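Before we start, here is the structure in question, set down as structure tokens.
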Amino acid sequence: MTASAAAGVQMVAARPCISASPGILTARVAVSRTDCMLSTTATFPKISCSWPLRFKRNDVVVRAISEECGPQGLPIDLRGKRAFIAGVADDNGYGWAIAKALAAAGAEILVGTWVPALNIFETSLRRGKFDESRKLPDGSLMDIVKVYPLDAVYDSPDDVPEDVKSNKRYAGASNWTVKEVVESVRNDFGSIDILVHSLANGPEVTKPLLETSRRGYLAAISASSYSYVSLLQHFLPIMNPGGASISLTYIASERAIPGYGGGMSSAKAALESDTRVLAFEAGRKGKIRVNTISAGPLGSRAAKAIGFIEKMIEYSYVNAPLQKELLADEVGNTAAFLVSSLASAITGSTVYVDNGLNTMGLAIDSPTITS
Ligand code: NAD
């Protein structure tokens with residue numbers, strides 16, 4: 001069986017255990033499904049790996065599978081890609097898990113951290129508090145190349161009110177509005193390939209919608225939905241074509257989840273609708289894919305502010321088709337897949353990573369989650 005040179009190169013280059021060297025090796029290579037050989041005439045980066053090179057009928061034959069490198073599969077390869085993840089301030093949330101999954105696939109990681117949480121996050125990072133959870137599957141530690149202070153509620157310095165400017169939680173940080181962060185990333189790195197929005201805030205989240213103020217409702221939309229529009233709008237000009245973006249949503253956008261209040265359900269509905277529109281616009285304008293992951297409940301710092309996250313987790317465990325704990329890593333791995341070239345035809349989608357809870361029309365085994 002033969003394969004195109006390009007496919008052969010992709011198969012070789014995509015294996016995470018191979019490190020490419022600047023040298024170029026031109027070879028005739030043969031592919032066979034049964035013995036996992038590549039077979040074509042190809043020019044590809046010279047590789048350093050413990051795989052044996054063998055000669056067969058005047059061809060250089062490269063083994064596409066070896067015990068050291070694991071079985072042949074569909075690798076998620078993000079080497080050479082740069083990701084900006086907005087909404088990482090500790091190692092408990094989805095943003096952290098996504099950063100780890102992208103790092104494990106080889107991406108360079110930049111994060112945007114909410115200004116009031118910046119000091120503690122950077123201090124903890126420096127002091128090694130996160131070292132255990134920075135561990136990647138190959139044993140190395142995730143490298144966060146740069147942490148940017150960010151407040152995604154403000155697009156440019158002109159939008160920042162005096163009381164925020166003079167707030168001591170913002171003292172010492174600069175250039176943290178969306179526009180300024182993007183300018184800093186452009187100055188530091190030139191471009192990115194992946195944008196992740198993993199942030200939300202609803203100051204009145206514990207209030208039922210019927211008791212939510214206009215101010216609280218609009219604040220939830222501003223921090224949790226428009227922040228994504230703004231980030232993508234500003235990052236798009238420095239995103240490389242073929243790149244991808246994802247956000248995190250929650251099933252309360254579609255079904256009534258009593259207790260997820262303060263306009264947060266509305267904010268998630270807006271985020272999902274915007275995902276479709278932004279997918280169209282960013283696809284046409286910059287060849288960028290836009291998807292959102294509807295994640296199941298996780299006991300993150302933000303979720304604890306809702307007040308009954310443990311009950312939501314238990315409810316999910318009892319009622320979902322898959323009765324198992326939902327791991328943040330499962331969301332991280334899905335994000336890595338969605339931003340990779342393996343998902344090159346997926347855009348404008350809401351992808352459920354929730355043990356199937358979204359399929360349930362009626363809770364069968366559990367009392368109300370707010371009791
Ligand atoms: P998290 O606490 O790890 O992440 C939320 C982050 O948002 C925090 O780092 C916080 O500092 C940041 N943030 C808040 N306001 C900000 C602002 N104005 N500018 C910049 N950053 C700001 O919690 P998480 O639960 O992992 O949340 C990540 C995303 O996942 C959110 O969109 C959330 O709605 C979504 N989600 C969470 C769950 C859950 O059960 N935890 C379920 C579905 C979806």
Side-chain angles (χ1 to χ4, degrees), residues 84-100 111-122 124 130 133 147-155 159-160 164 169-170 173 176-178 181 196-203 205 219-228 230-231 246-254 257 259-260 262-272 275 292-316 325-332 334-335 350-355 357-358 369:
F84 184 92
I85 299 132
V88 180
D90 58 34
D91 60 350
N92 290 321
Y94 282 133
W96 178 269
I98 292 170
K100 270 182 77 175
V111 304
T113 300
W114 192 36
V115 186
L118 182 72
N119 267 343
I120 182 139
F121 178 62
E122 286 194 313
S124 304
F130 300 134
S133 48
V147 178
Y148 290 87
L150 169 72
D151 193 325
V153 158
Y154 304 106
D155 300 320
D159 300 331
V160 184
V164 174
R169 299 203 299 168
Y170 286 73
W176 41 258
T177 64
V178 173
V181 170
V196 178
H197 176 278
S198 182
L199 64 96
N201 198 1
V205 66
I221 297 272
S222 173
S224 315
S225 320
Y226 188 77
S227 57
Y228 184 49
S230 178
L231 277 164
I246 50 165
S247 63
L248 273 300
T249 186
Y250 181 54
I251 190 65
S253 59
E254 298 173 49
I257 306 282
Y260 192 74
M264 279 306 300
S265 55
S266 328
K268 291 304 189 189
L271 185 69
E272 289 173 30
T275 297
T292 188
I293 293 175
S294 184
L298 173 79
S300 65
R301 181 186 289 236
K304 284 183 179 137
I306 305 169
F308 59 98
I309 185 66
E310 299 309 333
K311 283 203 167 118
M312 291 163 90
I313 292 170
E314 186 195 325
Y315 177 91
S316 173
E325 186 190 355
L326 176 70
L327 303 175
D329 287 353
E330 293 172 301
V331 169
T334 305
T350 299
V351 176
Y352 298 92
V353 186
D354 62 354
N355 286 330
L357 189 66
N358 71 88
I369 52 174

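The shown structure was predicted, so the numbers you read here are calculated from the model rather than taken from an experiment. Remember, it's 1-based here, ligands and their atoms both numbered in the order they're listed.
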Item to complete: Using atom types as modelled and distance alone, determine if a side-chain donor or acceptor of Ser227 lies under 3.5 Å from a backbone N or O of Val153.
Response: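 Between the backbone of Val153 and the side chain of Ser227 there is no qualifying donor-acceptor contact (under 3.5 Å).
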Practice prompt. Would you please name every residue forming a side-chain hydrogen bond (donor to acceptor under 3.5 Å, both in side chains) with Tyr154, sequence neighbours left out?
Written response: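 Checked Tyr154 against side-chain hydrogen bond (donor to acceptor under 3.5 Å, both in side chains); zero matches.
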Fill in: Residues forming a side-chain hydrogen bond (donor to acceptor under 3.5 Å, both in side chains) with Glu122, sequence neighbours excluded
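Here no residue qualifies.
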Worksheet item: Please, which pairs that meet side-chain hydrogen bond (donor to acceptor under 3.5 Å, both in side chains) have at least one residue in residues 292-301, sequence neighbours excluded?
Response: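 Non-adjacent pairs meeting side-chain hydrogen bond (donor to acceptor under 3.5 Å, both in side chains): Asp90-Arg301, Ser247-Thr292.
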Item to complete: Walk me through it: do Ile251 and Ile257 pass the test side chain to side chain contact (heavy atoms under 4.5 Å, CB included)?
Response: CA-CA 8 Å; Ile251 190 65; Ile257 306 282; 4.0 Å; yes
Fill in: Student check: side-chain heavy atoms of Trp114 and Leu199 closer than 4.5 Å
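No, their side chains stay 4.5 Å or more apart.
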List, pair by pair, the atoms of ligand 1 and of the protein that are both N or O and lie under 3.5 Å apart, giving the separation rounded to 0.1 Å.
{"residue": "ligand 1", "atom": "2 (O)", "partner": "Ala302", "partner atom": "N", "Å": "3.1"}
{"residue": "ligand 1", "atom": "18 (N)", "partner": "Trp114", "partner atom": "NE1", "Å": "3.4"}
{"residue": "ligand 1", "atom": "18 (N)", "partner": "Asp151", "partner atom": "OD1", "Å": "2.9"}
{"residue": "ligand 1", "atom": "19 (N)", "partner": "Ala152", "partner atom": "N", "Å": "2.9"}
{"residue": "ligand 1", "atom": "23 (O)", "partner": "Ser300", "partner atom": "OG", "Å": "3.1"}
{"residue": "ligand 1", "atom": "25 (O)", "partner": "Ser300", "partner atom": "OG", "Å": "2.5"}
{"residue": "ligand 1", "atom": "26 (O)", "partner": "Tyr94", "partner atom": "N", "Å": "2.8"}
{"residue": "ligand 1", "atom": "32 (O)", "partner": "Leu199", "partner atom": "O", "Å": "3.3"}
{"residue": "ligand 1", "atom": "32 (O)", "partner": "Lys268", "partner atom": "NZ", "Å": "3.0"}
{"residue": "ligand 1", "atom": "34 (O)", "partner": "Lys268", "partner atom": "NZ", "Å": "2.8"}
{"residue": "ligand 1", "atom": "40 (O)", "partner": "Leu298", "partner atom": "N", "Å": "2.8"}
{"residue": "ligand 1", "atom": "40 (O)", "partner": "Leu298", "partner atom": "O", "Å": "3.4"}
{"residue": "ligand 1", "atom": "41 (N)", "partner": "Leu298", "partner atom": "O", "Å": "3.0"}
{"residue": "ligand 1", "atom": "41 (N)", "partner": "Ser300", "partner atom": "OG", "Å": "3.3"}

